[in-house]
Amino acid sequence: MIIWLNGTFGAGKTTTAKELTSRIPDSRLFDAEKVGEMLWHVLGVPERDFQDFPPWRGLVVETARQVLDYVGGTLVVTQTVLVEQYWREIHGGLTEAGVPVHHFLLDTDQDTLVERIETDTKPESISARQWRLDHLDEYQRALSWLRREAQVIDTTDVVPSRVAEIVMERVQVD
């Protein structure tokens, strides 16, 4: 199965994913962004986002399917997907491949998001700070469909270990 953690930057996806993979036997982190980075070498840097490359969406599905066929278990995916059509392509492809997908939206209020982004001191986070802030409006515009398509967990005042527990309860993982 796949546990897909969606949400904007600063919502707690990466930290929650680490908590989940440390608690769920035979689970692995699948960073779909690495598929996009691979495509840069072939297709060049995209105008807006690597998710705009149709091969990215198909390759995420196929890579996840093949990894699960090979090792089984659970893939925990941390990937912000803000375009509904892209999510439908990915979800539909995984469903067609017989892979159960549990889609969660980790959400928090705007002030908390901005604070988390601005105070994140990891080197890769500092270099991406402005990009992350610039995408908060796109996240707000996507919230209506995200709330329909995912199970929402408010992470505003919840530590990642508790968020992981909530996800496990909802997926019914022991």
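None of the values given here were measured: they were computed from a predicted structure.
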Original post:
Does a salt bridge link R148 with E84, judged by any charged N lying under 4.0 Å from a carboxylate O?
Top reply: yes
Between [X] (side chain only) and [Y] (backbone N and O only), is there a donor and an acceptor less than 3.5 Å apart?
{"X": "S22", "Y": "E19", "value": "yes"}
{"X": "Q51", "Y": "T80", "value": "yes"}
{"X": "R28", "Y": "V76", "value": "no"}
{"X": "T16", "Y": "K13", "value": "no"}
{"X": "S27", "Y": "T21", "value": "yes"}

Original post:
Going through the checks in order, is the side-chain contact (heavy atoms from CB on, under 4.5 Å) test met by V77 and L5?
Top reply: CA-CA 6 Å; V77 181; L5 302 178; over 6 Å; no
Is any side-chain heavy atom of [X] closer than 4.5 Å to a side-chain heavy atom of [Y]?
{"X": "E37", "Y": "E33", "value": "yes"}
{"X": "V71", "Y": "D26", "value": "no"}
{"X": "Y139", "Y": "L82", "value": "yes"}
{"X": "M1", "Y": "V171", "value": "yes"}

**OP:** Give the cluster check for F53 versus V42: same hydrophobic cluster or not, with ILVMFWY residues linked at side-chain heavy-atom distances below 4.5 Å.
**Re:** yes
Original post:
Among the clusters formed by ILVMFWY side chains lying less than 4.5 Å apart, do Y70 and F30 turn up in the same one?
Top reply: yes
Original post:
Yes or no on side-chain contact (heavy atoms from CB on, under 4.5 Å) for L136 and V114, after CA distance, side-chain angles and deciding distance?
Top reply: CA-CA 9 Å; L136 291 178; V114 170; 3.7 Å; yes
Shortest non-hydrogen contact between [X] and [Y], atoms and distance:
{"X": "A64", "Y": "I2", "result": "CB-CD1, 3.9 Å"}
{"X": "Q140", "Y": "Q110", "result": "NE2-OE1, 3.0 Å"}
{"X": "T78", "Y": "A17", "result": "CG2-CB, 3.2 Å"}
{"X": "G7", "Y": "L105", "result": "CA-CD1, 3.6 Å"}
{"X": "Q79", "Y": "W4", "result": "O-NE1, 3.0 Å"}

Original post:
Run the side-chain contact (heavy atoms from CB on, under 4.5 Å) check on L146 and V81 step by step: do they pass?
Top reply: CA-CA 9 Å; L146 284 168; V81 177; over 6 Å; no
Original post:
Which is it for D69 and R65 under the salt bridge (Lys or Arg N to Asp or Glu O under 4.0 Å) test, yes or no, and what are the steps along the way?
Top reply: CA-CA 6 Å; D69 282 352; R65 184 194 66 76; 2.6 Å; yes
Subject >> Residue list, ring pair (Phe, Tyr, Trp, His ring centres under 6.0 Å) with F50, at least two apart or on another chain >> reply: W56
**OP:** Return the set of residues passing ring pair (Phe, Tyr, Trp, His ring centres under 6.0 Å) with H91 (not counting sequence neighbours), or none when no residue passes.
**Re:** W87
**OP:** State which residue, out of T63, I3, L68, fulfils the side chain to side chain contact (heavy atoms under 4.5 Å, CB included) condition with L75.
**Re:** L68
Name each donor-acceptor pair under 3.5 Å that joins a side chain in residues 150-165 to protein atoms two or more places apart or in another chain, with its distance.
residue : atom : partner : partner atom : Å
D154    : OD1  : T156    : N            : 2.8
D154    : OD1  : T156    : OG1          : 2.5
T155    : OG1  : A11     : O            : 2.9
T155    : OG1  : D107    : O            : 3.2
T155    : OG1  : R116    : NH1          : 3.4
T156    : OG1  : T108    : OG1          : 2.7
T156    : OG1  : D109    : N            : 3.4
R162    : NH1  : E165    : OE1          : 3.1
R162    : NH1  : E169    : OE2          : 3.2

Original post:
Between R48 and E138, does a salt bridge (Lys or Arg N to Asp or Glu O under 4.0 Å) hold up when you go through it step by step?
Top reply: CA-CA 12 Å; R48 195 186 71 82; E138 184 180 1; 3.3 Å; yes
**OP:** Could you tell me whether E115 atom CD has more than 12 heavy atoms of other residues or ligands within 6.0 Å of it?
**Re:** no
Original post:
If you measure from OG1 on T8 to CG on D137, what distance do you get to the nearest 0.5 Å?
Top reply: 10.0 Å
